[in-house]
Amino acid sequence: MRKAVFERTTKETGITLSLNLDEAGQNNISTGIGFFDHMLELLAFRGGFSLTLTCKGDLHIDTHHTVEDVGICLGAALKEALGNKAGLARYGSCAMPMDEALVSCVLDISNRGFLVFNAPLPAEFCGTFETEGVEEFFRAFAANAGLTLHINLAYGINTHHIIEAIFKGVGGALKQAVAITGAGVSSTKGVL
């Protein structure tokens with residue numbers, strides 16, 4: 001089983017999570033930010049993995065530390081769960097529609113954390129969630145998981161729809177990339 005348990009405590013957040021890449025549908029997520037919890041559940045569902053996550057953050061300040069730190073922890077847990085990366089498909093892509101919005105998410109489990117984020121978000125908030133946190137979350141996630149991740153908005157006007165398409169799209173791309181399709185490491189270098 002490809003799984004990981006990860007804990008991180010700072011003066012800003014306390015996070016505990018468990019991730020199982022080979023078991024879908026067992027999600028229990030609580031960050032104190034309802035919209036973010038919903039997006040993480042969609043990411044896990046579309047990714048085909050189970051995620052249990054609790055975060056106690058300094059939400060009396062804003063949502064930034066919680067969102068970024070969850071990205072750090074989820075990325076680190078994913079990297080641990082993937083182990084030596086033998087047999088991985090490695091690449092994944094997903095074009096995700098959500099009503100009027102269309103987002104393209106493409107990733108490479110390259111061990112080189114890099115984010116390209118071309119998805120302007122029209123509104124500053126969805127509920128209590130600060131929408132600029134979407135880019136921060138995925139930057140932290142990509143850096144700590146060792147993913148090259150490209151997120152591009154083709155079109156869309158509703159902020160909720162755009163963000164939902166992003167999280168679902170990354171989940172769909174991730175499901176492809178973590179699939180076991182061979183025996184060795186998918187690199188001419190022999191290592192990722």
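Here the structure is a predicted model, which is why all the values come from computation and not from measurement.
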Undergrad: Is the side chain of Arg2 donor-acceptor paired with the backbone N or O of Val178 at a distance under 3.5 Å, no angle test?
TA: yes
Undergrad: Is it the case that one hydrophobic cluster holds both Met96 and Leu115, taking links as side-chain heavy atoms less than 4.5 Å apart, direct or via other members?
TA: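 Different hydrophobic clusters.
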Undergrad: Pro120 and Pro122: which non-hydrogen atoms are nearest, and at how many Å?
TA: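 Heavy atoms of Pro120 and Pro122 come nearest at O-CD, 3.7 Å.
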Undergrad: Quick check: do Ile15 and Glu7 have side-chain heavy atoms less than 4.5 Å from each other?
TA: no
Undergrad: Other than Ile61, what residues sit in its cluster of Ile, Leu, Val, Met, Phe, Trp and Tyr side chains whose heavy atoms are under 4.5 Å apart, directly or through others?
TA: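 Members besides Ile61: none; it forms no cluster.
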Undergrad: Not counting sequence neighbours, which residues clear side-chain hydrogen bond (donor to acceptor under 3.5 Å, both in side chains) with Asn158? List them please.
TA: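 Asn158: no side-chain hydrogen bond (donor to acceptor under 3.5 Å, both in side chains) contacts found.
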Undergrad: Any heavy-atom pair between the side chains of Leu147 and Asn111 that's under 4.5 Å?
TA: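 Of all side-chain heavy-atom pairs linking Leu147 with Asn111, none is under 4.5 Å.
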Undergrad: Check whether any side-chain heavy atom of Val5 sits under 4.5 Å from a side-chain heavy atom of Leu17, and report yes or no.
TA: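 Not touching, per the 4.5 Å side-chain cut-off.
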Undergrad: Give a yes or no on whether the backbone of Asp62 and the side-chain of Glu130 come within a donor-acceptor separation of less than 3.5 Å.
TA: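 Looks like no, no N/O pair under 3.5 Å.
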Undergrad: Is any side-chain heavy atom of Cys105 closer than 4.5 Å to one of His150?
TA: no
Undergrad: Taking the side chain as everything from C-beta on, heavy atoms only, tell me whether Ile162 gets closer than 4.5 Å to Leu121.
TA: yes
Undergrad: Does anything in residues 44-88 pair up under ring pair (Phe, Tyr, Trp, His ring centres under 6.0 Å), and if so which pairs, sequence neighbours excluded?
TA: none
Undergrad: Mind listing the closest non-hydrogen atom pair of Cys94 and Gly169 along with its distance?
TA: CB-O, 3.4 Å
Undergrad: Which pair of heavy atoms, one from Leu43 and one from Gly171, lies closest together, and at what distance?
TA: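 What the structure gives for the nearest pair is CD1-N, 3.4 Å.
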Undergrad: Please walk me through it: do Leu78 and Leu19 pass side-chain contact (heavy atoms from CB on, under 4.5 Å)?
TA: CA-CA 7 Å; Leu78 176 61; Leu19 171 69; 4.1 Å; yes
Undergrad: Let's go through Leu88 and Thr181 carefully: what are the C-alpha distance in whole Å and the side-chain angles of both, what is the deciding distance for side-chain contact (heavy atoms from CB on, under 4.5 Å) to 0.1 Å, and is it a yes or a no?
TA: CA-CA 6 Å; Leu88 292 181; Thr181 59; over 6 Å; no
Undergrad: Would you say that more than 12 heavy atoms from the other residues, nucleotides or ligands in this model lie under 6.0 Å from the CD of Glu23, or not?
TA: yes
Undergrad: Does Leu42 share a hydrophobic cluster with Val170, counting links as ILVMFWY side-chain heavy atoms below 4.5 Å and allowing steps through other members?
TA: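 Yes, Leu42 connects to Val170 through the hydrophobic network.
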Undergrad: Can you find a heavy atom in the side chain of Thr16 that is under 4.5 Å from one in the side chain of Thr9?
TA: no
Undergrad: Using a strict threshold of under 4.0 Å (side-chain N to carboxylate O), is an ion pair present between Arg90 and Asp108?
TA: yes
Undergrad: Going by heavy atoms in the side chains, are Leu74 and Leu51 under 4.5 Å from each other?
TA: yes
Undergrad: Does one hydrophobic cluster hold both Val106 and Phe141, with members joined at side-chain heavy-atom distances below 4.5 Å?
TA: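 In one cluster with Val106: Phe141, no.
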Undergrad: Hey, what do you get for SG (Cys126) to CD1 (Ile33), rounding to the nearest 0.5 Å?
TA: 12.5 Å
Undergrad: Grouping I, L, V, M, F, W and Y whenever their side-chain heavy atoms are under 4.5 Å apart, do Leu153 and Met98 come out in a common cluster?
TA: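 Different hydrophobic clusters.
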Undergrad: So for atom NZ, which belongs to Lys79, do other residues, nucleotides or ligands contribute more than 12 heavy atoms lying within a distance under 6.0 Å?
TA: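 Yes, because the 6.0 Å sphere around NZ of Lys79 holds more than 12 heavy atoms from other groups.
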Undergrad: How far apart are the C-alpha atoms of Asn20 and Ser50, what are their side-chain angles, what is the distance that settles it, and do they pass the side-chain hydrogen bond (donor to acceptor under 3.5 Å, both in side chains) test?
TA: CA-CA 5 Å; Asn20 187 334; Ser50 289; 5.9 Å; no
Undergrad: Judged by modelled atom types alone, do Asp37 and Thr31 share a side-chain donor-acceptor pair under 3.5 Å?
TA: yes
Undergrad: Measure the CD-CG distance between Glu80 and Leu21 for me, rounded to the nearest 0.5 Å.
TA: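 It comes to 10.5 Å.
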Undergrad: Classify the angle between the aromatic ring planes of His160 and Phe35 as parallel (below 30°), tilted (30 to 60°) or perpendicular (above 60°).
TA: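 Judged by the thresholds at 30° and 60°, the geometry between His160 and Phe35 is perpendicular.
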Undergrad: For Ala173 and Leu107, which heavy atoms make the closest approach, and how far apart are they?
TA: CB-CD2, 3.8 Å
Undergrad: Please collect all salt bridge (Lys or Arg N to Asp or Glu O under 4.0 Å) contacts where either partner lies in residues 136-151, sequence neighbours excluded, each pair once.
TA: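 Sorted pair list: Glu135-Arg139, Glu136-Arg139.
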Undergrad: Checking Thr131 against Thr159: is there a side-chain donor and acceptor pair closer than 3.5 Å?
TA: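 Distance-only check fails for Thr159 and Thr131.
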Undergrad: Nearest 0.5 Å please: distance from the CZ atom of Arg8 over to the OG1 atom of Thr13.
TA: 5.5 Å
Undergrad: Between His161 and Glu100, is any pair of side-chain heavy atoms under 4.5 Å apart?
TA: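 Yes. Closest side-chain heavy atoms under 4.5 Å.
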Undergrad: According to the ring pair (Phe, Tyr, Trp, His ring centres under 6.0 Å) rule, which pairs have a member within residues 89-126, sequence neighbours left out?
TA: none
Undergrad: When hydrophobic residues are tied together by side-chain contacts of less than 4.5 Å, even through go-betweens, does Leu102 share a cluster with Ile157?
TA: no
Undergrad: Considering only residues two or more places apart or on different chains, which pairs with a residue in residues 162-190 satisfy ring pair (Phe, Tyr, Trp, His ring centres under 6.0 Å)?
TA: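 Found Phe137-Phe167, Phe138-Phe167.
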Undergrad: Evaluate side-chain contact (heavy atoms from CB on, under 4.5 Å) for Asn28 paired with Leu53, printing each intermediate quantity in order.
TA: CA-CA 6 Å; Asn28 187 359; Leu53 186 149; over 6 Å; no
Undergrad: With side-chain contact (heavy atoms from CB on, under 4.5 Å) as the test, would you mind laying out the steps for Glu164 and Met39 before giving the verdict?
TA: CA-CA 6 Å; Glu164 186 165 332; Met39 293 303 110; 4.2 Å; yes
Undergrad: Nearest 0.5 Å, what's the OG1-CG distance between Thr52 and Asn27?
TA: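 CG of Asn27 is found 7.0 Å from OG1 of Thr52.
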